[in-house]
Amino acid sequence: MKELAKTYNPKDTENAIYQKWEASGFFNPDNLEKASDRFWNAEVFSIAMPPPNITAVLHLGSALFLTIEDIMTRYARMSGKKTLWLPGTDHAAIATNSVVERQIWEQEKKSLHDIGREEFLRRVEEFISQTRGRIQVQIRAMGSSCDWSREKYTFSPELSVAVRTIFKKFYDAGLIYRGERIVNWCPHDGTTLADDEVEYRPTQGQLYYIRYHLTQGKGVLTVATTRPETMLGDTALAVHPQDPRYKQYVGQHVMLPIVNRELPVVADEEVDREFGSGVLKVTPGHDPHDFEIGKRHNLETINLFTPEGKINEQEAYDHGFEEFANLTAPEARAKIVQALTEAGFLEKTESLTHNVGVCYRCENIVEPIVSKQWFVDVNKKIKLNRDKFQSLLKLPAEASLREIGTASVKSGAIKIIPERFGKIYLQWMDNLHDWNISRQIWFGHRIPVWYCDNCGETIVAVDAPQTCSSCGKNQLTQDPDTLDTWFSSSLWTFSTLGWPKETVDLMTYHPTTILETGYDILFFWVARMILMTGFALEDIPFHTVYLHGLVRDLKGKKMSKSKGNVVNPLDMIEKYGTDALRLSLILGTTPGNDSKTSETKIQNYRNFVNKLWNISRFILSSSSDEKTWPGPAAPDPQTLADQWILSQLDILTAKVRSSLDAYQYSLAGELLETFTWTDLADWYVEVSKVEKGKGTILKYLLGELLKLWHPFIPFVTEQLWSQFSPEFLMIQPYPQAQTAKNTKELGEKFLKLQQLISGLRNLRAEYHQPPAPIFASYLELLPQFEWLKEQTALIEKLARVKLNLEAVDATKKMPYFLWENQRVYLIMPNFDPDKELMLAEKELKITEILRKKFAAQLNKKDFASKAPAEVVATLQRNFAEAEERAKKLKTKLESLR
RNA sequence: GGUCACUUAGCUCAGUUGGUUAGAGCGUCUGCUUUACACGCAGAAGGUCGCUGGUUCAAAUCCAGCAGUGACCACCA
């Protein structure tokens with residue numbers, strides 16, 4: 001066996017270990033059966049990895065999800081489940097599109113139109129071929145035990161078939177339609193966005209009050225607006241039907257200032273009487289509400305802006321505002337405001353903070369425009385064919401996508417962790433509108449719809465048709481739009497398993513066991529997966545959703561390059577090792593809550609990993625016997641310490657398992673950390689230096705501990721395990737707690753021993769004695785502490801005393817402390833009565849507070865009768881002890897004064 | 001406006017059905033080349049659990065109100 005280095009150096013081992021794991025084939029569940037028969041007919045565990053963007057670089061958020069999912073996966077695998085963690089990447093249509101577009105602009109000063117669609121897509125492929133693989137390397141660096149043989153990519157030919165297939169299925173069921181709607185338009189990215197892809201930012205703006213004069217008579221209606229330029233597209237004014245101020249004007253007409261176009265005044269419930277003047281200018285082409293009002297009152301829609309965000313020239317000529325043609329919105333606004341002011345139409349302005357919608361990707365202001373787009377209808381009822389699904393979700397024979405989405409969670413079929421996100425999910429489902437799925441960017445899944453140039457027929461097909469199904473001509477043009485990225489990623493749990501083919505994988509691993517992802521994409525992704533799977537398979541995509549929080553910096557800020565607060569996980573791996581990084585992301589965090597991290601935290605866990613390394617180094621080098629693992633059965637304990645540590649391990653095993661089963665990874669890690677550092681290293685390893693012949697027990701403890709730790713810190717544990725076993729740690733059975741053990745009494749005895757040793761150490765430290773000298777100590781042996789006799793050697797060595805289990809002549813003044821209400825003397829030079837006095841007073845103060853507290857509680861009315869007997873008994877005992885202790889401390893004080 | 005969180009030691013956070021003296025790590029202070037580890041060892045200090053009420057024999061924990069912080073959703077003419 002090689003000597004282990006004094007400090008653990010992750011760089012020397014991590015890559016090699018990962019390669020061994022990968023070569024072993026055990027990431028692939030098909031191979032597990034060959035490794036051990038305990039995987040035969042085993043329960044299945046599957047996770048679909050949330051696919052990172054193909055262009056992505058690993059950040060702490062991805063490091064976090066990779067760690068959590070790897071813990072889940074490794075724990076399941078070691079527990080004997082047939083475990084699949086399926087990795088992959090997302091083509092990230094908009095993100096990739098804009099990265100490449102920007103690159104081309106920066107390098108060649110060419111726009112998309114300069115280079116054309118085909119050439120652009122070629123460039124995207126070229127770009128991806130360069131970046132592809134980078135993210136895979138980084139996923140490996142995190143130690144992720146995912147099955148690379150099943151790796152998928154949302155834009156691969158197979159997954160594209162799944163996308164087109166489901167599009168057609170939706171279309172045939174009448175759930176996908178094309179319609180003219182008001183949609184969110186990002187002039188920067190040149191595409192529409194789904195409602196939840198628009199973010200709202202509070203913005204300081206002006207509220208302009210504009211006068212509209214009646215065409216008949218003398219009245220004036222004043223309208224308040226933040227977007228005066230949109231008045232060019234006004235086709236009516238609206239008031240609330242019950243508003244007494246304006247009732248009389250309904251049905252009359254006003255003159256649109258500057259443009260001089262006649263507009264009707266209509267009554268509509270939608271108008272908020274409280275806002276501004278209570279009169280609303282209706283611009284159906286530029287506001288979702290106005291669009292609806294326009295439909296209700298048959299108003300004309302003026303398409304005010306071009307896709308580039310400029311005033312539409314054609315509409316300007318058609319509707320009499322050609323002087324504004326081709327101006328951008330801000331230019332138009334300035335010109336309008338000036339014209340209004342000069343002509344006396346502007347009554348006043350007020351400043352106002354309002355929310356402005358911006359694109360979630362590029363943060364540019366989103367313009368609502370009217371456009372012909374593809375939508376998924378979320379409210380149309382479809383017939384459900386699978387009884388099992390219907391009864392699982394407690395749904396009637398017909399249900400809409402929205403109802404499926406709601407029922408999936410409400411019925412308990414899908415469990416969301418933490419629970420509070422279930423409510424948020426349901427609220428979102430309640431507000432769900434039809435989903436705009438068409439995008440005007442070039443990179444992405446092309447909408448599988450063709451139009452016949454001859455007869456205008458619309459053909460929806462999985463594979464490109466050669467001829468028109470209606471007229472038979474072969475002049476067909478495909479719809480130019482592409483699909484929303486989330487459309488393809490919402491198929492992820494089943495498209496990755498071979499759907500639409502009925503594969504063995506699909507039957508084996510779907511529905512997946514758990515979906516682990518960030519709460520920030522609950523709507524974008526999780527909700528849509530539920531809708532898509534509900535329709536396509538009439539099934540749920542997963543049984544459980546585990547949501548993690550965002551990783552922030554120490555000040556709680558989101559990490560971003562511009563803020564300069566980014567912690568790069570690859571740098572951290574380089575400096576401290578993957579295991580340390582993993583621990584820093586898991587410990588001290590809870591599901592669904594944001595966590596803060598810092599380099600110091602990672603450094604601390606590097607220290608811990610090194611501690612584990614050194615414990616192992618001690619264990620493996622201190623025993624001269626064979627460096628083999630003694631096997632899974634616990635060795636027989638010889639001493640109190642043996643009994644104690646073995647029972648502690650047992651308790652630990654049970655708690656770690658139950659924590660992992662409850663997704664409490666932080667708790668499990670903390671339990672392991674305390675056991676490793678405090679119980680094992682600080683106590684038992686020290687004990688083993690006194691009580692010899694513990695080689696077998698130590699190795700057993702180490703072996704079990706490495707197994708328990710493995711899902712958290714796979715590299716260092718595998719490396720250490722390889723020191724005494726030729727097998728892989730990653731497929732060892734996860735430890736089971738032995739049940740029938742009388743652990744409580746053992747625990748208490750050893751705890752008393754620890755208190756005695758700590759008491760001695762404490763007294764010594766209070767007297768500022770160097771740790772080296774050995775002092776005599778006296779403790780009268782009472783019958784109930786007979787067992788102390790056997791522990792003398794331990795006490796003497798660990799507290800550095802010569803222990804005399806006999807009474808001492810107490811007439812001489814010497815330092816003592818109370819242990820189990822017994823005096824324990826420590827004979828040190830320089831007895832200091834003042835110091836003793838101070839120590840005793842301090843302790844008495846604490847004891848008195850306790851004593852009074854216990855007494856008060858005991859004397860409370862109804863306590864004895866209402867509290868459980870056990871609680872009462874414990875309290876009585878504690879009170880008696882505190883009283884006794886206080887009495888003894890008082891005696892001590894008197895003797896010192 | 002609606003919903004949901006959070007507020008515990010100087011800092012970062014645990015605290016799982018209410019029950020002995022509220023925990024951990026870092027940081028701070030004291031002392032240590034104790035032969036696995038200074039990425040270490042021993043010891044110590046530090047908290048009226050945001051505030052005010054209520055329920056209960058018993059509240060950090062349950063309820064109500066208030067204050068502060070944050071998130072999400074809707075609206076924002």
Side-chain angles (χ1 to χ4, degrees), chain A residues 4 6-8 196 200 202 207 223-227 230 238 270-272 275-283 287 289-290 352-356 418 420-421 423-424 427-428 430-431 519-520 522-523 550 554 556 576 580 587-590 592-598 600-601 603-622 658-659 662 664 666-667 670 673-674 681-682 685-686 689 758 761-766 768-772 797 800 846-847 849-850 853-854 857-858 860-868 870-872 874-875 877-879 882:
Chain A
L4 296 179
K6 194 172 169 183
T7 50
Y8 173 56
D196 51 3
Y200 292 90
L207 195 56
V223 173
T225 178
T226 53
R227 302 283 311 264
T230 64
E270 191 100 354
V271 179
D272 178 358
F275 189 90
S277 60
V279 184
L280 173 67
K281 62 192 256 327
V282 184
T283 320
D287 183 280
H289 286 101
D290 293 7
L352 157 104
T353 306
H354 62 135
N355 278 331
V356 173
R420 62 191 153 90
F421 284 101
K423 269 192 192 172
I424 297 175
Q427 187 191 12
W428 186 81
D430 282 345
N431 288 321
Y519 67 76
D520 52 332
L522 178 62
F523 307 138
L550 273 42
L554 264 181
Y576 305 111
L587 274 78
T589 68
T590 38
N593 288 333
D594 293 351
S595 58
K596 295 173 189 169
T597 200
S598 64
T600 317
K601 193 172 171 188
Q603 200 176 316
N604 294 334
Y605 287 110
R606 183 272 317 264
N607 295 356
F608 172 77
V609 170
N610 188 58
K611 182 76 183 180
L612 179 63
W613 177 262
N614 271 291
I615 293 169
S616 312
R617 200 155 78 96
F618 172 80
I619 292 176
L620 293 169
S621 64
S622 67
S658 64
S659 306
Q664 292 174 317
S666 177
L667 180 59
E670 281 163 31
E673 192 188 2
T674 306
D682 292 345
V685 164
E686 293 307 316
K689 292 176 184 171
S758 297
R761 284 170 175 170
N762 172 249
L763 196 53
R764 184 194 268 280
E766 292 291 353
H768 295 289
Q769 293 295 342
K797 188 79 196 234
R800 296 194 69 80
I846 296 165
T847 311
I849 291 169
L850 278 180
K853 196 172 161 181
F854 293 151
Q857 183 62 24
L858 279 170
K860 269 217 174 112
K861 211 178 120 222
D862 293 339
F863 173 69
S865 58
K866 287 196 176 171
E870 209 181 283
V871 174
V872 178
T874 311
L875 196 63
R877 197 169 58 239
N878 287 336
F879 172 70

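Numbered from 1 within each chain, the chains take letters A, B, ... in sequence-line order.
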Taking only the [atom1] atom of each, what is the distance from [N] to [M] in whole angstrom?
N: B:A60; M: B:C13; atom1: C1'; answer: 15 Å
N: B:C63; M: B:C4; atom1: P; answer: 12 Å
N: B:A36; M: B:A24; atom1: P; answer: 27 Å
N: B:C72; M: B:C29; atom1: P; answer: 41 Å
N: B:C62; M: B:U56; atom1: C1'; answer: 10 Å
N: B:G27; M: B:A67; atom1: P; answer: 39 Å
N: B:U35; M: B:U30; atom1: P; answer: 24 Å
N: B:U48; M: B:U21; atom1: C1'; answer: 15 Å

Side-chain N or O of [X] less than 4.0 angstrom from OP1 or OP2 on [N]?
X: A:S758; N: B:G43; result: yes
X: A:N614; N: B:G40; result: no
X: A:H289; N: B:C76; result: yes
X: A:K6; N: B:A38; result: yes
X: A:N355; N: B:C75; result: no

Which one, [options], comes nearest to the side chain of [X]?
X: A:N431; options: B:C73, B:A36, B:C39; result: B:C73
X: A:K853; options: B:U21, B:C26, B:G43; result: B:U21
X: A:N607; options: B:U21, B:A58, B:G40; result: B:G40
X: A:I424; options: B:C72, B:A58, B:A42; result: B:C72

Per the atom types in the model, does the base of [N] pair as donor or acceptor with the side chain of [X] at under 3.5 Å?
X: A:K611; N: B:C37; value: yes
X: A:R606; N: B:C39; value: yes
X: A:E686; N: B:A36; value: yes

Exercise. If you look at every strand shown and take non-hydrogen atoms under 4.0 Å, does A:Q664 touch a base, only sugar-phosphate, or nothing?
Worked result: base
To the nearest angstrom, how far is [X] atom [atom1] from [N] atom [atom2]?
X: A:D430; N: B:C72; atom1: CG; atom2: P; result: 19 Å
X: A:N604; N: B:A38; atom1: CG; atom2: C1'; result: 14 Å
X: A:K596; N: B:C11; atom1: NZ; atom2: P; result: 10 Å
X: A:D290; N: B:C75; atom1: CG; atom2: P; result: 13 Å
X: A:R761; N: B:C32; atom1: CZ; atom2: P; result: 17 Å
X: A:E766; N: B:U30; atom1: CD; atom2: C1'; result: 10 Å
X: A:R764; N: B:C41; atom1: CZ; atom2: C1'; result: 14 Å
X: A:Q769; N: B:U34; atom1: CD; atom2: C1'; result: 16 Å

Exercise. Just by distance, do the side chain of A:S666 and the backbone of A:G588 share a donor-acceptor pair under 3.5 Å?
Worked result: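 Looks like yes, one N/O pair under 3.5 Å.
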Exercise. Do any N or O atoms from the side chain of A:N614 and from the backbone of A:N610 form a donor-acceptor pair under 3.5 angstrom?
Worked result: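 At least one qualifying donor-acceptor pair exists.
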Exercise. Pick the nucleotide of RNA chain B nearest each of A:A681 and A:K866; which residue has the one closer to the 5' end?
Worked result: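 Residue closer to the 5' terminus by nearest nucleotide: A:A681.
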Seminar exercise, completed: The answer to which of A:I846 and A:K423 contacts RNA chain B further toward the 5' end, by nearest nucleotide, is A:K423
Exercise. Using the ring of each side chain (for Trp, its six-membered ring), is A:W613 parallel, tilted or perpendicular to A:Y8, with breaks at 30° and 60°?
Worked result: tilted
Seminar exercise, completed: The reported gap from CG in A:L4 to CD1 in A:I619 (rounded to nearest 0.5 angstrom) is 11.5 Å
Problem set entry | Residue pair A:E766, A:N762: steps toward the side-chain contact (heavy atoms from CB on, under 4.5 Å) verdict | CA-CA 6 Å; A:E766 292 291 353; A:N762 172 249; 3.8 Å; yes
Exercise. So what does the secondary structure string of RNA chain B come out as, 5' to 3', with Watson-Crick or wobble pairs under 3.5 angstrom, [ ] for crossing and | for pairs with another strand?
Worked result: (((((((..((((.....[...)))).(((((.......))))).....(((((..]....))))))))))))....
